[in-house]
Amino acid sequence: MDQQLREMVWQTVAMIPQGKVATYGQIAACCGYPGHARGVGHILKKLPPQTALPWHRVINARGEIALPPDSESYQLQKQRLEQEGVEFERDKIRLRLYQWDGSVDDSVTEN
DNA sequence: GTTGTGACTACCA
DNA sequence: ATGGTAGCCACAA
């Protein structure tokens, strides 16, 4: 169950186009688990550091990086986003331009 | 099993 | 806009 959610989150995050971002709630909803935003956050936290998943494109509903500012992952995520062309307004992302649709295909193949 | 904490979100003052 | 509160789920002790 939670493992299946984990896989679904993986593929959902993996299909986020470069230069765009998605929120935890959005991903959870796309996985068929609305309200599991927090669970998504935990899953991403459990990701291995060498993962190929663009976890840095996942942000909170406020349009900010969800990690604590003191964390190094925060800096890394912000840096990666800027590198992909995502503009920041102070520490917040301009969601108007970079919000992700979340078009998901159910027939995605298993990873 | 219970409790506390956290990469969350929505609602209300 | 900002801050507090409640609901949510997963995980560690």
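In the text below, chain A, chain B and the rest are named by the order of the sequence lines, each starting its count at 1.
Note: CD1 (I43(A)) to P (dC8(C)) measures 18 Å, nearest angstrom. One can place CG of L5(A) at 13 Å from C1' of dC8(C), the figure rounded to the nearest angstrom. Atom pair I27(A):CD1 and dA10(C):C1' shows a separation of 16 Å (rounding to whole Å applied). For the pair K45(A) NZ and dC8(B) C1', the interatomic distance rounds to 12 Å; values are reported in whole Å. In this structure, OH of Y33(A) is placed 24 Å from P of dG7(C), rounded to the nearest angstrom. Rounded to a whole Å, the CZ atom of R38(A) is 14 Å from the P atom of dA6(C). Taking atom CG on L81(A) and atom P on dA7(B), their separation rounds to 17 Å, with Å as the unit. Taking atom CG of D91(A) as the reference point, atom P of dA7(B) lies 16 Å away to the nearest angstrom.
OP1 or OP2 of dC11(C) lies within a sub-4.0 Å distance of a side-chain N or O belonging to K46(A).
In terms of the side chain to side chain contact (heavy atoms under 4.5 Å, CB included) criterion, Q75(A) has no residue partners (sequence neighbours excluded).
In this structure, T23(A) OG1 and N60(A) CG are separated by 8.5 Å, a value rounded to the nearest 0.5 Å. Separation of atoms OG1 (T51(A)) and NZ (K46(A)) is listed at 13.0 Å; rounding is to 0.5 Å. Atoms CD1 and CD, from I65(A) and Q77(A) in turn, are 4.5 Å apart once rounded to the nearest 0.5 Å. With rounding to the nearest 0.5 Å, the separation of CD in Q50(A) from CG in L53(A) is 11.0 Å. Atom CG of L76(A) and atom CH2 of W55(A) lie 4.5 Å apart (nearest 0.5 Å).
Residues from residues 62-78 of chain A lying near DNA chain B, meaning a heavy-atom separation below 4.0 Å, are A66(A), L67(A), P68(A) in numerical order.
Looking at heavy-atom distances under 4.0 Å, H42(A) makes contact with a base.
Put simply, the side chain of R80(A) never gets that close to the backbone of H56(A): no donor and acceptor are under 3.5 Å apart.
The side chain of H36(A) approaches dA10(C) more closely than any other nucleotide in the set dA10(C), dT9(B), dG6(B).
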